[in-house]
Amino acid sequence: SGELEWTPVHLSESFWRESIDRFSENSFEVIRVLGELLSRNDVSETTQAVACYDIGEFVRAHPRGRQIIAEIGAKPKVMKLMYDPQVSPEVQRQALLCTRKMMILNWEKSLVN
């Protein structure tokens, strides 16, 4: 349907740890679809917020997440949503949090400090 909702799996740390390798299937098709959802006008704000969150979690969990997001073109889409006056504050917030995850080089080190 092209719509996403907040479900427990999106917020599950163990899901991201255990499933991260499956995201590489079909040349990161799931991540590509998430990136496409960010620039579509026919999806809900919730879908865009969840897509931003999921992309951020992918970046955090995958060793090459930052590079992959940049290669598929999702990074500028996320960053654009931070400043888009047409999107809700929740989408802007999730875009900001995703961008923050993209900017942090080493998550384990940042969690300790």
What is the distance from atom [atom1] of [X] to atom [atom2] of [Y], rounded to the nearest 0.5 Å?
{"X": "Ser24", "Y": "Ile68", "atom1": "OG", "atom2": "CD1", "result": "7.5 Å"}
{"X": "Glu3", "Y": "Leu37", "atom1": "CD", "atom2": "CG", "result": "8.0 Å"}
{"X": "Arg93", "Y": "Ser88", "atom1": "CZ", "atom2": "OG", "result": "11.0 Å"}
{"X": "Lys77", "Y": "Asp84", "atom1": "NZ", "atom2": "CG", "result": "14.0 Å"}
{"X": "Gln94", "Y": "Leu97", "atom1": "CD", "atom2": "CG", "result": "5.5 Å"}
{"X": "Ile69", "Y": "Cys98", "atom1": "CD1", "atom2": "SG", "result": "7.0 Å"}

Least distance between heavy atoms, [X] atom then [Y] atom:
{"X": "Ala74", "Y": "Gly35", "answer": "CB-CA, 4.2 Å"}
{"X": "Val87", "Y": "Glu45", "answer": "C-OE2, 4.4 Å"}
{"X": "Ser14", "Y": "Ser12", "answer": "OG-OG, 3.0 Å"}

Inset, instruction - Apply the test side chain to side chain contact (heavy atoms under 4.5 Å, CB included) to residues Ile31 and Leu34: give CA-CA distance (whole Å), side-chain angles for both, the deciding distance (0.1 Å), then the verdict. - result: CA-CA 5 Å; Ile31 301 304; Leu34 291 173; 4.0 Å; yes
Inset, instruction - Tell me, yes or no, whether the heavy-atom count around Glu5 atom CD, taken from other residues, nucleotides or ligands under 6.0 Å, exceeds 12. - result: no
Legend entry - Polar side-chain atom of Ser19 near backbone of Arg22 as donor-acceptor pair, under 3.5 Å: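 Checked: no pair found.
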Inset, instruction - Could you give me the CA-CA distance, side-chain angles and deciding distance for Leu4 and Val43, then say whether side chain to side chain contact (heavy atoms under 4.5 Å, CB included) is met? - result: CA-CA 9 Å; Leu4 300 174; Val43 297; over 6 Å; no
Legend entry - Carboxylate-amine/guanidinium contact Arg32 Glu29, below 4.0 Å: no
Please tabulate, for the side chains in residues 48-58, all donor-acceptor contacts under 3.5 angstrom to protein atoms that are two or more places apart in sequence or on a different chain.
| from | atom 1 | to | atom 2 | distance (Å) |
| --- | --- | --- | --- | --- |
| Gln48 | NE2 | Leu38 | O | 3.0 |
| Gln48 | NE2 | Arg40 | O | 3.4 |
| Asp54 | OD1 | His10 | ND1 | 2.8 |
| Asp54 | OD2 | His10 | ND1 | 2.9 |
| Glu57 | OE1 | Arg60 | NE | 3.4 |
| Glu57 | OE1 | Arg60 | NH2 | 2.6 |
| Glu57 | OE2 | Arg60 | NE | 3.3 |
| Glu57 | OE2 | Lys101 | NZ | 2.6 |

